[in-house]
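Worth knowing before you read on, the calculation uses all heavy atoms, side chains too, and leaves out hydrogens, waters and symmetry mates.
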Amino acid sequence: MSRRGESVPFAFIAEADRFRSNVTPPPPARRSFRQVAGSALVGLTVVAGLVGSVLLGLPALSDNQSPSHEPPAAAEGR
C-alpha cells in the first residue's frame, strides 16, 4: 500500500482553516410570533411534566412511614 505525501488524509479540510471569505452571510430570518409561542408552549409542557412527575413521586420517596415489626393481631393467639 503506497502512501501519498499528504500530512492529512483530506488535505482540503486542512486548507479550509486558512480560507477567509469577504462575503458575509445573510442575517438569520426572524422567527414569527407563532414559532416563538409554539416553542415556549413546548418548553412549558416539558417543565410541567417534570414538575408533575416529581410531585407525584415525592410520597414514594418520603421516609415518614416506619415499618412495624409487630406481628399482626390475628397471629397473637397462636
Side-chain angles (χ1 to χ4, degrees):
M1 187 186 286
S2 65
R3 292 184 52 117
R4 296 183 191 176
E6 298 174 345
S7 60
V8 179
F10 300 101
F12 61 90
I13 295 176
E15 293 173 2
D17 292 337
R18 291 180 273 164
F19 179 75
R20 298 285 181 237
S21 174
N22 61 354
V23 178
T24 59
R30 290 188 53 130
R31 296 173 61 188
S32 69
F33 176 74
R34 284 182 176 224
Q35 290 174 333
V36 173
S39 61
L41 187 62
V42 168
L44 284 174
T45 304
V46 169
V47 170
L50 291 173
V51 169
S53 65
V54 167
L55 289 177
L56 289 175
L58 280 179
L61 296 174
S62 67
D63 197 22
N64 294 340
Q65 299 174 354
S66 61
S68 91
H69 296 290
E70 299 174 9
E76 286 181 14
R78 292 184 178 189

Donor-acceptor contacts under 3.5 Å from residues 45-57 side chains, at least two apart:
unit_1 : atom_1 : unit_2 : atom_2 : d
T45    : OG1    : L41    : O      : 2.7
S53    : OG     : G49    : O      : 3.3
S53    : OG     : L50    : O      : 2.8

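By the 4.5 Å side-chain criterion applied to Ile, Leu, Val, Met, Phe, Trp and Tyr, F33 is assigned to no cluster and stands alone.
Within the structure, the side chain to side chain donor-acceptor pair (under 3.5 Å) test picks out the following pairs touching residues 24-35 (sequence neighbours left out): R31-S39.
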